[in-house]
Amino acid sequence: MKRILFLAAALFILSSCSGPTPATPTPVIIFECFPTRQAFIWEDTNRNGVYDPDESPLSGVMVSMEPLGSQGTVFSGCSGADGMAEINGIGDFGRRCDELDLEVIAPTGYEPTTPVVVSLIGLENDAIVEFGLALEAPSP
């Protein structure tokens, strides 16, 4: 009988020491992505917005990648002699990891012949975004 009373008292003391049960925190879902995108920049000599085999790639042109509608992190790359720029990023870019924009920064003396901002939504990961730039027309 003493043993039963001792065990009951011990259980009562132990249960009163545990305190209230902490609330379970709500999990935060992070969609971590490691996107790598490529862009091709060329001199659009005929100003038609379409790359033609006789047109030359442009080197030294900056291309940036950033999340849609965000003032967040911007990742950038610069085109090489072949006109290709590779941009690598890391972050929470949405559920599909393609909620990003690519933007070309036209160097001085050039103007765009294609849109300067392209949304990556729905594009395959290996899609190459093309940007045409033409020399600015001389002022009359």
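What's counted below: heavy atoms across the whole structure, side chains too, no hydrogens, waters or symmetry copies. Everything numeric here is computed off the predicted structure, so don't read it as measured data.
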Measure across D44 and G49 and return the closest heavy-atom pair with its distance rounded to 0.1 Å. OD2-N, 2.6 Å

Could you tell me if the side chain of P67 sits less than 4.5 Å from the side chain of V74, heavy atoms only? no

Kindly indicate whether the side chain of V129, heavy atoms from C-beta on, has any atom under 4.5 Å from the side chain of Q38. no

Evaluate the side-chain contact (heavy atoms from CB on, under 4.5 Å) criterion for residues N48 and D52: first the C-alpha distance (whole Å), next the side-chain angles of each, then the deciding distance (0.1 Å), finally the verdict. CA-CA 9 Å; N48 69 351; D52 300 308; 3.8 Å; yes

Which heavy atom of F131 sits nearest a heavy atom of L102, and at what distance? CZ-O, 4.0 Å

In this structure, would M84 and V63 fall into the same cluster of hydrophobic residues linked by side-chain contacts under 4.5 Å? no

Give the C-alpha distance, both sets of side-chain angles, the deciding distance and a yes or no for side-chain contact (heavy atoms from CB on, under 4.5 Å) between E55 and N46. CA-CA 9 Å; E55 294 175 323; N46 62 5; 3.0 Å; yes

Does a side-chain heavy-atom distance below 4.5 Å link E99 with L120? no

Atom OG of S76 and atom CE of M62: how far apart are they, to the nearest 0.5 Å? 3.5 Å

Out of curiosity, does Y110 fall in the hydrophobic cluster containing V117 (side-chain heavy atoms, cut-off under 4.5 Å, transitive links)? yes

Please say yes or no: joined through hydrophobic side-chain contacts below 4.5 Å, possibly via intermediate residues, are V61 and L135 part of one cluster? yes

Sub-4.5 Å side-chain heavy-atom contact between I41 and L133: yes

With sequence neighbours excluded, residues passing side chain to side chain donor-acceptor pair (under 3.5 Å) with S59: none

Taking every non-hydrogen atom, the tightest pair across A127 and L123: CB-CB, 4.2 Å

Give the C-alpha distance, both sets of side-chain angles, the deciding distance and a yes or no for ring-ring contact (aromatic ring centres under 6.0 Å, His included) between Y51 and F40. CA-CA 10 Å; Y51 174 70; F40 175 67; 5.0 Å; yes

Please give me the minimum heavy-atom distance between L58 and S79, naming the atom from each residue. O-OG, 2.8 Å

Give the cluster check for I87 versus V116: same hydrophobic cluster or not, with ILVMFWY residues linked at side-chain heavy-atom distances below 4.5 Å. yes

What is the minimum heavy-atom distance between F75 and I90, and which atoms define it? CZ-O, 3.3 Å

Restricting to non-hydrogen atoms, name the atom on M65 and the atom on G89 that form the minimum distance, rounded to 0.1 Å. CE-N, 3.7 Å

Holding to side chain to side chain donor-acceptor pair (under 3.5 Å), I want the full list of residues that pass it with E111, two or more places apart in sequence or in another chain. R47

Starting from the C-alpha separation in whole Å, work towards a yes-or-no answer on side chain to side chain donor-acceptor pair (under 3.5 Å) for N125 and R37. CA-CA 7 Å; N125 289 342; R37 298 295 188 267; 3.2 Å; yes

